[in-house]
Structures are given as C-alpha cells and as structure tokens.
Peer 1: 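Structure incoming, see below.
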Amino acid sequence: MTRLILSTSNIMTGGPSIIRKPGASNLELTNSLRSNFQNAQQGYSPSSRSKASSPSNGEEDESPQRPSPSIWTTRENTDFYIPTIDWTLSGLAEEPSQYDITVKLFYLPGADIKDRRQHTQDALQLVMKELGVCSVDLLIVSFPGMSFEGDCEWDADKKNSAQGNDDEEVASWAALEELYDQGVVKKLGLAEYGSEKLSRFLKRVRVRPKVDQVNVKDCCNVPPPLRQLAKLEGIELYVHNDCTNILPSGTLRELLGQGSQGAGVLSEAKRGIDGMKGELTPEWVVKYTAVVRDRGVIENKGYFAVAELRE
Amino acid sequence: MGLLALGTPLDWPEAKQVANHVREWGIEQLLAVWNKAKGKERDALLWGDEVEYLVVTYKDGTPKVTLSLRQADILDALARDETLSEEGGCVPDLQLVGGALPIFHPEFGRFMLEATPGKPWGIGFRDLLDVEPNMKLRRKIAKEHMNPEEYPITLTTYPHLGCPGTFTTPYYPPSGNKLRSQFVPDEIANPHIRFPTLAANIRSRRGHKVQVNVPVFKDKNTSWPWKDPTVNYDLHKYPEDDDVRQGAAPDNFIHMDAMAFGMGSCCLQITFQAKNITEGRKMYDQLSPLGPILLALTAATPIYKGFLADTDVRWNQISAAVDDRTPEELGEKPLQNDRWRIPKSRYASNSTYISEDPRLRKEYLDPNLIVDADVKQKLMNGGMDSLLATHFAHLFIRDPIVVFSEDLEKLDLDKSDHFENLQSTNWQHIRFKPPPTGSDIGWRVEFRPMEIQITDFENAAFSVFIVLITRAILSYDLNFYIPIPKTDENMETAHKRDAVLQDKFFFRKNPFPTRYPRPYSANGGVTPTGTTTPAVLSRPPTPTGPVEDEYALMSIDEIMNGSKPDSANNFPGLIPIVESYLDSMNVDVETRCELASYLDLIRKRANGSLWTASKWIRNFVDSHEDYKHDSVVGETINHDLIGAVIGLEGEGKREAKDVDRFLGRFYRPCGGETK
C-alpha cells in the first residue's frame with residue numbers, strides 16, 4: 001500500500017489557474033496541481049531544454065516532452081511525493097506571530113471514517129512543515145455529502161439538515177478537540193452546516209466551533225435561522241467557494257494518468273505505458289493559507305492531497 | 001492640501017531667485033528623511049480616503065443656486081464642535097462610527113471642504129465596512145455645521161462656476177488683481193495667503209493667465225463654429241486681458257482662465273502605507289497603469305461654465321489650470337533663459353517607474369523624461385540608487401511656487417518643508433510619499449486619478465476596490481507594467497466622452513508572474529552524477545520578447561471583468577482577481593455581501609449596464625424641459641440638477657431621475673429595506 005502525497009507548492013504565484021470562475025468548483029486545486037506537476041517536470045529535469053536533440057527513450061512517442069516520474073517525484077518508504085517537495089524552501093518570510101494561518105481539511109467520501117483521526121494529524125503535520133510553524137490559527141473541517149443547495153435559502157437550510165451523518169461527524173470532531181487541547185489549533189471551524197445540523201452538533205461536542213463556513217449562492221441571502229443561531233452562539237459565518245467533493249477519484253486518475261493533461265505517473269495498459277498500477281482512493285485534501293495579518297497580504301497558499309494506492 | 005504655515009510669501013520673480021536655494025535644501029531634507037527611513041520595516045497597512053465637497057446654497061423654490069464662500073465659518077463651527085466633543089462629548093451622535101471624529105480641512109476653493117476619517121483604516125474587513133458609514137457621517141456633520149440652505153455635495157466641478165452674473169454667496173466681482181480672471185473673483189480662492197500667491201505666481205511665471213480650454217459638446221442646435229459667448233474681448237484692466245485677443249479662446253472650446261477652474265475640482269484620493277520602501281516603490285509602479293482606467297470608470301465631469309463639454313473627466317482641466325510652464329518650456333520660443341523644454345504640466349500623469357523590480361524593463365521608461373542631472377547626482381552622492389534619484393530629480397525640474405522668506409533663514413533637517421514645497425506641487429496621478437519627519441508613519445503611496453462620486457456608496461465602493469486591488473497585487477505579485485507613454489495616451493483617451501464604453505486602453509495582457517523555477521534548474525538542473533546546485537531561490541528568467549507583444553488595446557469592460565471567449569486576449573479581469581483574493585481570505589457573510597455590492601457596482605459601470613455620473617448628468621440635462629439642445633446648461637437646469645444631486649444623498653433618493661440606471665439596486669445594499 002502506497003500513500004500518494006500530491007502538492008501544489010505556493011499557488012500565489014501560480015498564474016491564471018488561481019483566478020476564480022463563477023460558482024463553487026475544484027478548479028483551483030486541479031489547475032494548480034497540474035501546473036505544479038508540469039513545473040516540476042521542467043524544473044527537475046536536467047535535459048528538458050535539449051530534449052529534442054537527445055531522444056532517450058523510444059517508448060515515449062506518445063508524450064515526448066514528459067520526463068520519467070523518477071526525476072521529479074520522490075519515494076520515501078511507503079510515501080510517494082508527487083512532485084518532490086524541497087523542504088529547504090518551506091517556511092514563511094516573517095515570524096509566525098505575524099500571520100493568520102487557516103487550514104481547511106476536506107474528508108473525502110471514499111476514505112475510511114476510522115482513519116479520520118490519523119488523517120487530521122497527517123494533514124496538520126504536512127501543513128506545519130510546509131509553513132514552518134508549530135500551530136495554526138483556524139482549522140475548518142469539511143465533511144462529505146454536505147451542501148447549501150435549494151430553490152431558496154430556507155429550502156437549502158432545510159435540506160442541509162438531513163445531509164451528512166451526525167454521529168460520524170461528532171466522532172471525528174474528537175480528533176480536532178485533541179489538537180485544540182494541545183494548542184496546535186487555536187480555533188476550530190465547520191463547513192456547510194445549516195441551522196438545524198449546527199444546533200444538534202453544538203449540543204454534542206466539548207470544544208465548540210467558532211466558525212461555520214458556508215457556500216450560499218448569494219452571500220447576501222444567508223438563511224435567517226442560521227444567521228440567528230450563529231449570532232446567538234457567537235459563531236462567525238464565513239464565505240467560501242470550494243466544492244465539497246473536491247477530488248473525485250476520476251479526477252485524480254486523470255491528473256496522474258498518461259493523457260495529455262496528466263502527469264504520466266499511472267500506467268496505461270491500453271497503450272502499454274508503464275507506471276503505477278492499482279486501486280486509487282483519494283482520502284483527504286487540505287488547503288492552507290498564510291496571511292500577513294496587519295497587511296492583508298496572502299504570502300502562501302496551497303494544497304496537499306493524499307490518496308491511497310493498493311498495488 | 002499641504003502645510004498651511006504662515007509667513008511672508010515672495011512674489012514672482014523674487015521666488016524664482018531663491019528657487020535653487022529651496023531645491024538644494026529640499027534635497028538635503030529628502031536625503032535626511034531617506035537615510036532615516038530607508039530601513040523602516042514591517043509597517044502595517046494603514047490607509048485613508050479623502051473626500052472633497054463643494055458647498056452650495058440651494059432652495060427648492062429659488063431658481064438661483066450659488067457656491068457658498070463660507071468655508072472659513074464652516075470650518076470654524078466644526079472646529080469648535082470638535083473641541084467640545086473632545087472635552088466630554090456634548091455631541092454623542094458624533095461618536096457612532098470608528099471611534100474617532102472625521103477631520104475637516106480647507107481646500108483651494110473657498111467653496112470647498114475636504115474630510116478624512118479621524119484615524120486611518122486598517123485591513124480588517126470590518127474596517128472596510130466602516131468606510132461608507134464614516135463617509136455618511138462626514139457629510140452629516142458637515143451639513144450640521146452649515147446654514148440650513150447650504151449643502152455639501154460631491155460633484156467634481158460646480159456646473160455654473162464662472163458663469164456671467166452671480167454664482168457665489170456673497171457676490172464678488174471678477175477681475176481681481178491676484179487671479180486677473182474675467183470670470184471668477186479673487187475671493188473664489190481660500191484667502192490663506194498661500195493660495196492667492198500660488199495662483200498669482202503660476203500666472204506670473206507663465207507670463208499669461210492659465211488657459212483652460214475644454215471642447216464644447218456639439219448638440220443638434222449648437223451653432224458651429226461655436227464661440228464661447230461669455231468671453232469678453234473688451235477688457236483692458238490688466239496686461240493679461242490681452243490673452244483672449246491673442247487667441248487664448250479658440251473656437252469650439254469653452255474658455256476658462258483661472259486656477260479655480262481646475263483646483264476647484266473635487267477628487268477621491270486614497271493613500272496607503274506600505275510595509276517598507278520596497279513595497280511602496282512597487283505599489284507606485286503597479287498602480288500607475290491603473291490610473292487612466294479608474295479615471296474613465298469614475299467619469300463625472302460633463303459640464304463647465306454652464307456648457308456641456310465634449311469630455312467626461314476633470315483631469316486635463318486641472319492640469320491646464322496649474323500649468324506654470326513658460327513659453328520656452330512649452331516649446332513656443334527657443335530656449336534662452338529656461339533650462340529645458342518640459343512636455344507635461346506639474347499636474348499630469350506620472351513619468352517615472354521607481355521599483356527595483358527585475359520585471360521593470362528599460363523599454364517601459366519614459367524616453368522623454370526630463371531630469372535635473374545635478375539634483376540626481378547629489379542624491380546619488382548621498383547614497384540613493386539611480387532609479388529613485390531619477391524620480392526625485394524629475395520632480396525637482398520645477399520651481400517652487402510659494403516661498404515664505406522666513407523659511408530661508410536656516411536649514412532645518414528635522415523638517416521637510418523645502419522638500420514638500422516641490423513634492424506637493426508636483427500633482428502626478430500617483431504620488432510616492434516619504435515618511436513625514438518626526439512621526440512613526442511609513443512610506444506611502446497616494447492614488448489620485450479618481451473623480452469624486454455623487455454618493456457615499458459609490459465613493460466607498462471605489463475606495464474599497466482600490467484597497468483590495470493593492471492587496472491582490474501584493475498577494476499575487478501581479479505585473480501591470482506597460483511603457484509610460486502608453487499610460488499617457490490612456491490618460492488622454494480617458495477624457496473622451498463615454499470612453500468607459502466606447503474606447504480602448506493599452507493594458508498588459510498577462511499580469512501574472514513567471515513561476516519561480518525549481519532551485520535545481522537554476523544552473524541547468526541535476527547533473528547526471530547527482531550533485532545539485534545550492535538551493536538558492538533564483539529569479540525567473542528576465543523576459544526578453546518585444547515589449548509591444550506584452551500589451552494590447554482593451555475595453556474597460558475587458559480590463560475590469562476579464563476577456564470574453566471571443567477576445568484575442570485572455571485577461572483575467574481586475575474584479576475576478578479581487579474576488580479570487582477574497583475567496584482566499586476569511587470573510588464573514590455580512591462583509592462579503594457588502595463588498596459584493598461594491599464590486600457589482602464597478603462591474604456594471606464597466607460593462608455599461610450602469611451609467612457613470614457623467615452619463616447620468618448628460619441624460620439629466622438632455623431630458624430637461626428647459627434644455628434647447630444647444631449645449632447650454634441654463635439656470636433652471638443647473639438648479640434642478642443640484643437639487644437631484646442633493647436628493648441622492650438625502651430624502652429625494654428614490655425620486656431622482658434614472659436613479660436605477662445610475663446606481664442600480666445598490667444604493668440600498670442588502671440588509672436594508674428594498675422597495
């Protein structure tokens with residue numbers, strides 16, 4: 001079993017891939033992964049510039065420009081970093097106290113719920129290593145299967161009540177409470193909780209969320225019951241633009257596959273291209289943002305996505 | 001306006017004789033500031049907006065509207081009230097917003113006021129929400145300290161300034177000794193000695209009155225060629241009265257002849273504090289190409305001296321109104337006494353880039369830049385780098401206009417008065433401001449091109465937009481560089497009637513940085529033996545393609561909202577960039593809702609679904625029953641227009657003509673009642 005660790009590095013200088021299109025989507029994640037793969041393929045490849053004059057491998061007819069994964073990825077025991085991460089470049093320009101660091105963890109639907117505690121710790125560890133910090137200001141978790149969709153804001157709030165799985169979510173929350181108790185996370189938050197789900201949730205957890213991040217069609221139309229509850233409970237309602245199922249396995253296969261937009265890491269039997277084989281399950285995605293607090297400048301933002309490969 | 005210290009001002013040409021003296025001391029003061037503050041670091045983002053008002057006297061039933069010249073009385077009433085509130089607060093209402101009272105300042109026009117927030121804004125998103133209520137509070141406080149028939153309004157220019165007859169309260173006759181204008185009295189200017197001296201010395205230096213000529217709008221009944229009927233060719237009081245007989249008032253132009261026609265305009269200016277000098281220099285450069293775009297987008301100036309103009313913005317009129325260049329400097333006579341020909345007025349789009357940014361290519365710089373080589377050398381001898389020394393040596397090609405003899409007795413390096421004398425009379429569209437001496441304030445950049453908007457909602461929207469775009473520029477490391485002459489051209493284009501929808505502007509096609517390459521690739525990558533080069537972050541390769549390929553002509557819609565699929569460009573749009581920035585920040589729903597209404601206003605002004613103030617005013621005039629389609633904006637039209645403008649910030653908002661096409665549904669953003 002191999003753990004694939006996909007990363008975007010800092011996407012703030014990543015060009016047009018980061019500019020939003022209307023509606024919630026995962027384009028920021030997929031575009032910036034793709035662009036980081038390409039960048040690494042060029043950057044780590046010793047002969048990318050003289051490629052045309054030195055065809056090294058006749059099998060690469062389909063994608064002559066693509067260097068072998070071994071050049072730009074790294075395997076460490078069971079971890080497979082796509083691309084290689086140069087940790088000497090990690091860290092922030094100023095002292096950690098100057099930043100507001102927000103982390104959003106997406107538990108993906110295919111992962112085993114029992115593993116969420118481990119996933120949460122792994123995600124935080126990667127982010128803290130990347131940013132060179134020992135704590136973050138806010139950790140928001142996004143559970144699968146939740147949304148704010150409906151004909152009107154009341155309808156969306158109602159529908160939300162029946163989404164997700166209360167028991168599983170409360171159980172998973174314990175892992176966050178633990179991080180909170182350790183001081184690794186200063187504030188906890190949820191995503192996409194409507195008024196009814198939120199009020200049930202609040203009754204069952206020890207460390208209460210301080211933030212509920214919602215994606216409503218028009219940010220001016222927050223369901224009134226949610227607005228009231230948030231006010232009463234002192235929970236801040238934040239806006240976001242992410243979709244909940246941020247990395248479906250089909251998308252992941254495409255990202256890593258041999259297609260023209262892929263990274264060329266997975267094998268493709270049809271064309272006889274060698275690579276990693278097996279069943280691929282996306283487990284979680286984490287997004288991190290480091291903002292220089294009193295200047296409103298985003299210094300570092302990126303994603304890690306982790307998938308399990310059963311070979 | 002800058003410092004208002006009192007003293008004995010030198011008339012021209014006495015001031016001319018001490019110009020070098022002032023410049024030399026100014027350079028020493030600048031070097032002192034620079035040496036002290038060049039290492040200043042980690043300043044927070046603080047920013048402030050400046051809103052300028054005209055004060056009119058208006059009554060519903062009385063056709064005559066006038067400008068009130070009671071600036072001093074109003075400021076006095078405000079000052080007394082502020083003292084009262086400091087002493088214990090008898091005016092509890094005033095404590096509502098932001099904790100600090102707004103500050104009111106005098107301006108050049110005696111019919112003007114300027115108001116700024118009591119303390120600078122930060123980048124907390126809650127602060128952004130306080131801007132509009134604070135602007136409303138400023139207007140309210142100002143109104144409360146005026147006579148019942150007086151109103152502070154935010155039109156860029158007063159449509160009847162300089163019309164024959166009475167347009168001020170109280171009335172003064174024109175043709176005073178200081179301005180020598182045949183249209184406006186000397187009393188139109190703030191009586192503080194600095195202002196009449198400024199006007200008189202600009203006139204003396206030029207050798208003529210200033211000439212502010214605006215093309216008239218040709219309507220179906222406008223006689224053609226059109227001769228400004230208000231020009232008097234038979235005045236013989238001052239030598240300058242000859243100007244109009246010597247062609248100062250050409251056909252088809254509205255002719256104006258005094259500083260008040262320009263400096264009596266109201267603007268919306270935003271000043272930012274940068275983290276350090278490096279960030280300040282970067283912001284200065286990156287904001288420069290945005291200037292003409294925001295000028296066209298905020299267009300609000302279609303009327304001068306009672307006539308519809310064929311231009312939409314104020315900029316060139318202010319530029320002409322303070323143009324002190326001599327005939328030699330203008331290129332009308334061969335150079336004899338003056339040192340160089342100068343292509344631009346002191347009030348003009350800026351001519352330098354100053355950032356030590358590897359992306360700044362030599363080709364972007366102004367090939368016609370005039371620099372005082374001695375000043376530049378002195379600054380460089382003092383340790384300043386060539387790029388920044390060039391900038392200040394360019395500003396210092398001008399003469400100081402107002403010099404107080406007392407200030408020439410002793411050089412005080414703890415002050416910056418001589419430096420500021422030149423710096424603050426170079427009115428370029430972006431201003432780079434060194435830290436003031438004796439304060440903790442950092443390096444600042446001022447964004448100056450925007451026209452003031454009629455409502456506080458619009459003024460807040462544009463202020464907040466500029467703040468957010470600076471944050472996006474810094475976060476995404478955006479690159480808007482185009483050659484400076486292209487920005488000059490854009491500035492001219494921005495003047496055209498309805499340029500916001502009808503014209504195209506040079507803009508950089510790809511604003512994104514080149515991604516930093518992997519460290520290993522810096523020297524050709526990982527060698528076959530596996531040794532790597534040290535992990536030092538290398539600069540992206542310097543771009544070397546033709547500069548002409550980097551920019552294209554784009555509409556304001558394309559620049560603000562992004563290229564359409566059928567466009568040859570793939571520009572992302574400034575508003576989508578700002579939205580991407582906001583998506584990455586923790587913003588609460590209420591704030592985001594309000595910011596969305598601001599961005600929506602700007603988006604719709606850019607794509608034409610909402611009108612600029614200029615268009616709204618033109619339509620107001622065009623559809624008025626008294627308008628004869630002859631370009632003349634008569635007294636009743638002016639009265640009703642001012643009434644509507646007052647109404648937009650008061651009770652009559654909903655009744656104002658075409659308000660929905662001008663402000664859309666936004667004048668009462670979400671959360672409020674809607675009808």
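Model, not experiment: these values are computed from the prediction.
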Peer 1: For A:D137, is there an ion pair with A:K187 - N to carboxylate O distance below 4.0 angstrom?
Peer 2: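 Looking at A:K187 and A:D137, the cut-off is not met.
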
Peer 1: Can a salt bridge be assigned to the pair B:K282 and B:D477 using a cut-off of 4.0 Å between side-chain N and carboxylate O?
Peer 2: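 Answer for the salt bridge query: yes.
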
Peer 1: For A:V214, which atoms come within 4.5 Å of any heavy atom of chain B: side chain, backbone, both, or neither?
Peer 2: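 Answer is side chain: those atoms of A:V214 sit under 4.5 Å from chain B.
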
Peer 1: Taking side chain as everything from C-beta outward and backbone as N, CA, C, O, which of these in B:Q273 sits under 4.5 Å from a heavy atom of chain A? Side chain, backbone, both or neither.
Peer 2: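 Neither part; nothing is under 4.5 Å.
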
Peer 1: At a 4.5 Å cut-off on heavy atoms, which part of B:I123 comes close to chain A: side chain, backbone, both, or neither?
Peer 2: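 For B:I123, side-chain heavy atoms alone lie under 4.5 Å from chain A.
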
Peer 1: Considering only heavy atoms, which portion of B:F125 lies under 4.5 Å from any heavy atom of chain A: side chain, backbone, both, or neither?
Peer 2: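 B:F125 has no heavy atom closer than 4.5 Å to chain A.
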
Peer 1: Please classify the contact between A:V297 and chain B as side chain, backbone, both or neither, with a heavy-atom cut-off of under 4.5 Å.
Peer 2: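 For A:V297, backbone and side chain are both near chain B.
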
Peer 1: What are the two closest non-hydrogen atoms of A:F106 and A:K287, and how far apart are they?
Peer 2: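 Reported closest heavy-atom pair: CE1-CB, 4.4 Å.
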
Peer 1: Need one label for A:E236: side chain, backbone, both or neither, based on atoms under 4.5 Å from any heavy atom in chain B.
Peer 2: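 Contact with chain B is through the side chain of A:E236 alone.
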
Peer 1: Angle class for the B:F571/B:F507 ring planes (parallel below 30°, perpendicular above 60°, tilted otherwise)?
Peer 2: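 Aromatic pair B:F571/B:F507 classed perpendicular.
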
Peer 1: Taking the six-membered ring for Trp and the full ring for Phe, Tyr or His, determine whether the centres of A:F304 and A:Y288 are under 6.0 Å apart.
Peer 2: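 Yes, they do, as the ring centres are separated by less than 6.0 Å.
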
